[in-house]
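Quantities reported herein were computed from a predicted structural model and do not represent experimental measurements. The sequence lines fix the lettering, A, B, ..., with proteins before strands; numbering per chain opens at 1.
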Amino acid sequence: MQVFTEPILAALARQTSVPVASLKLERPRDAKQGDLAFPCFVLAKELKKAPPLLAQELAAALAGALPGITAVASGPYINFRIERGLLAREITGQIARDGQRYGGSSEGAGKTIVIDYSSPNIAKPMHIGHIRSTIIGAALVRIFRALEYRVVGINHIGDWGAQFGGLVVALRRWKGEVDLEADPVLGLLDLYQRSKKAVEEDEAFKAEAIAAYQELESGREGEVRELWRWVTEVSLRGFNATYRRLGIQHELVRGESWYEPFLAPALERVKAAGVTEVSRGALIVALGEVDKGLKETPCLLQQTNGTTLYATRDLAALFSRWEEFQFERCLYVVGGEQKLHFRQLKGVLARMGLAWEARVEHVDFGLLLGRGRVKIASRKRGEVLVLDDLIDEVVDEALGTIEAKNPELASKREVADAVGLGALVFNDLKRERIKDVIFDKAEILSFEGDTGPYVQYTHARLASILRKAEASGDAGLSATPDWSALENAGEVLVALGRLPDVVRSAAARAEPSELSQYLLALARDVSTWVSSPDNRVLGSPAGVAAARLALVRAAKLVLGNGLRLLGITAPEEM
RNA sequence: GCGCCCGUAGCUCAGCUGGAUAGAGCAGCGGAUUUCUAAUCCGCUGGUCGCAGGUUCGAGUCCUGCCGGGCGUGCCA
């Protein structure tokens, strides 16, 4: 829409001697009123005029100044309407030119964004806590990449910590009792759960576990180190299989263990900055002076017994990332439960006087809950909801739907995969991040309403029209478009023109839901238009068909580009 | 106790960093020459935007207080 907003804003600026930067255009509440609107309230106040009067004066002054655009005063607003032919030609033209790149820009060229996402713990399959981080993070990676940022996605694997002591002991004792061949990760999960219980109930087990972790931390080669390495390896193999299904690949896979060498220097650096103190035997950074809300919750960097903590490790990682990437933004896609933790981290940076503190952001999100807002427990695996199980279930259901609706389809498996995953991913991205996701199986599996499959289906219908046009050699393929045929498609065209703005804003706010909501609304508009018998494409007079084909092509591209940015496949058929 | 977040139709959510009569989907009801894919489309029903004040020409949106729910809260991650 820039081709239209720019001249309008420039003209307004000329008329009022107000800089373009402080003028903004809105969309009218009702699309029938116009394509763009300018509210005159603020300007009227400055000029000491009544808003409706100013609107009339400006509208009159702009008459004729903008070729193809009419300005009409309506109360305190000026509504702009772009001549339909011009609108259709410009919008479909730009989309056709940009193709798969439409929606992106080069605003991020030369800048780096670090995104910490997914970050599962080894010895456990990817479960409930990592699903949202994985899906939201992967969407953000794609969105930023479309804006030509250099994106460094980091998988901060949880591969360190006291719990491994327990796991090692469990492996020693019960290795033979579980199946570690067929699916090692599920076998390890079993052992992990048993070890957790044993640590609580069995003193001898606990002592052995602590000894094992000390052995691991010492860095010595030996049985413990070997076991840890093996666990890491099979876990990563399992994660990678899941990532492949989701089309995800991190640029860097660095577990917590990778940052071990950075721990001592990081601690020294904080101490040297003079912001630490010893309190109740622990090394802390008091944060009350930089963040009033943190008066009573300092950041603990070292336990009384000298060992480091979660915050210490994350701080070390953060220092290392800043040195390595000089990032524009560093995003942590981590659940809202950890808000305090990231606030503390930023607090420490602030106390150290590090200006890049503002570039570190906690991209938080709500819980994934079951129907009735309860924690999801899987009947199959106790407390753990395994992502792979979830995917299988949804894909199976999609396959069933295909058998029922479109049994002739050639590539049922691929489409079922796309639709099942689309449903799952879209469901996670359609609300604001911060909101809890209610995972209602029945709702997701219905594939109806505000869903990924709905957007995909709209895309497939458009693809079908284009296929048939090609197959039949429709007259519209080679004709000059008669743009008057798109007189009634103004809303769709304006919406198509907005994709670049939506992508930019979704990136700025690290909020993929803005894009999903946009796609839903667009799919609805497109469906309405394409379903109307008045808008039939094939077999219409050549010029009319050509114009409608251009719209269909543009809409298909925009829906497809948008879906791909979210991490969802746009099927040609379904 | 303290800190942070959420509270819009029966349910799940939009509402574009204050602006024109509050919008979708689901559920319910009624329709659509056997369809350029009906996984669709059209119509109807449904709201004191948690409550009370305040700021403003204008508040679902900002401020204060209260109510309800969630998350977190010094040696776990």
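Rounded to whole Å, the distance from CG on A:N427 to P on B:A39 is 21 Å. Distance CD (A:E511) to P (B:U17): 12 Å, rounded to an integer number of Å. Taking atom CG on A:L520 and atom C1' on B:A14, their separation rounds to 10 Å, with Å as the unit. The CH2 atom of A:W529 sits 14 Å away from the C1' atom of B:C41 (whole-angstrom rounding). Counting to the nearest Å, the C1' atom of B:U40 and the CG atom of A:N406 are 14 Å from each other. If you measure from atom NZ of A:K295 to atom C1' of B:C2, you get 10 Å, rounded to the nearest angstrom. In this structure, A:E397 atom CD and B:A39 atom P are separated by 15 Å, rounded to whole Å. One can place CZ of A:F426 at 14 Å from P of B:G25, the figure rounded to the nearest angstrom.
Within the 4.0 angstrom heavy-atom criterion, base atoms lie near A:S279. Residue contacts shown for A:L466 are absent, as no nucleic acid heavy atom lies under 4.0 Å away. Among the atoms of the strands shown, base atoms are found under 4.0 Å from some heavy atom of A:T304. Counting non-hydrogen atoms under 4.0 angstrom, A:V419 reaches a base of the nucleic acid. Nucleic acid contact for A:L300: base, since at least one base atom lies under 4.0 Å from a heavy atom of the residue. At the heavy-atom level, A:A37 lies under 4.0 Å from base atoms of the strands shown. Using a 4.0 Å heavy-atom distance criterion, A:P28 is classed as a base contact. Heavy atoms of A:D525 sit nowhere under 4.0 angstrom from any nucleic acid atom. In this structure, A:V530 reaches the bases: a heavy-atom distance under 4.0 Å links it to at least one base atom across the strands shown. Across all strands shown, A:E572 has heavy atoms under 4.0 Å from base atoms, whether or not it also approaches the sugar-phosphate. Residue-level contact check: A:E514 touches neither bases nor backbone, having no heavy atom under 4.0 Å from any strand. Across all strands, A:Q163 comes closer than 4.0 Å to no nucleic acid atom at all (heavy-atom distances).
Picking from B:A39, B:A20, B:C36 the nucleotide with the shortest atom distance to the side chain of A:T401 gives B:A39. Closest to the side chain of A:T528, from the set B:U73, B:C41, B:C75, is B:C41. Proximity note for A:R27 (side chain, C-beta onward) versus B:C16, B:U73, B:A20: the nearest is B:C16. Side-chain proximity of A:S74 to B:G72, B:A20, B:U40: nearest is B:A20.
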Checklist entry - Once each nucleotide of nucleotides 54-63 of chain B is scored for protein heavy atoms under 4.0 Å, what B/S/- sequence comes out, 5' to 3'? => result ---B------
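For B:A77, its base never sits under 3.5 Å from the side chain of A:D314 at any donor and acceptor pair. In the interface, the side chain of A:T451 is not paired with the base of B:G25 through any donor and acceptor atom under 3.5 Å apart.
The pair A:E572-A:K556 meets the salt-bridge criterion, with a side-chain N (NZ, NE, NH1 or NH2) lying under 4.0 Å from an Asp/Glu carboxylate O. Using a cut-off of 4.0 Å between Lys/Arg side-chain N and Asp/Glu carboxylate O, A:D450 and A:R524 are scored as salt-bridged. Contact check on A:D501 versus A:R504 returns a salt bridge, with a Lys/Arg side-chain nitrogen under 4.0 Å from an Asp/Glu carboxylate oxygen. A:E432 has a carboxylate O that lies under 4.0 Å from a charged side-chain N of A:K435, or vice versa, which qualifies the two as a salt bridge.
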Checklist entry - According to the Watson-Crick and G-U wobble definition with distances under 3.5 Å, which dot-bracket string, read 5' to 3', encodes RNA chain B, using [ ] for crossing pairs and | for pairs with another strand? => result (((((((..((((.....[...)))).(((((.......))))).....(((((..]....))))))))))))....
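Within the 4.0 Å cut-off from OP1 or OP2 of B:C75, not a single side-chain nitrogen or oxygen of A:T307 is found. Proximity of A:R536 to the phosphate of B:C36: a side-chain N or O atom is located under 4.0 Å from OP1 or OP2. One finds no side-chain N or O of A:Y454 lying less than 4.0 angstrom from the OP1 or OP2 phosphate oxygen of B:A24.
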Can you name the atoms? Protein N/O to nucleotides 3-13 of chain B N/O, anything below 3.5 Å, with the distance.
| residue | atom | partner | partner atom | Å |
| --- | --- | --- | --- | --- |
| B:G3 | O2' | A:R343 | NH1 | 2.9 |
| B:C4 | O2' | A:K339 | NZ | 3.2 |
| B:U12 | O2' | A:R431 | NH2 | 3.3 |
| B:C13 | OP1 | A:D436 | O | 3.3 |

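Using cut-offs of 30° and 60° on the angle between ring planes, the pair A:W228 and A:W160 is perpendicular.
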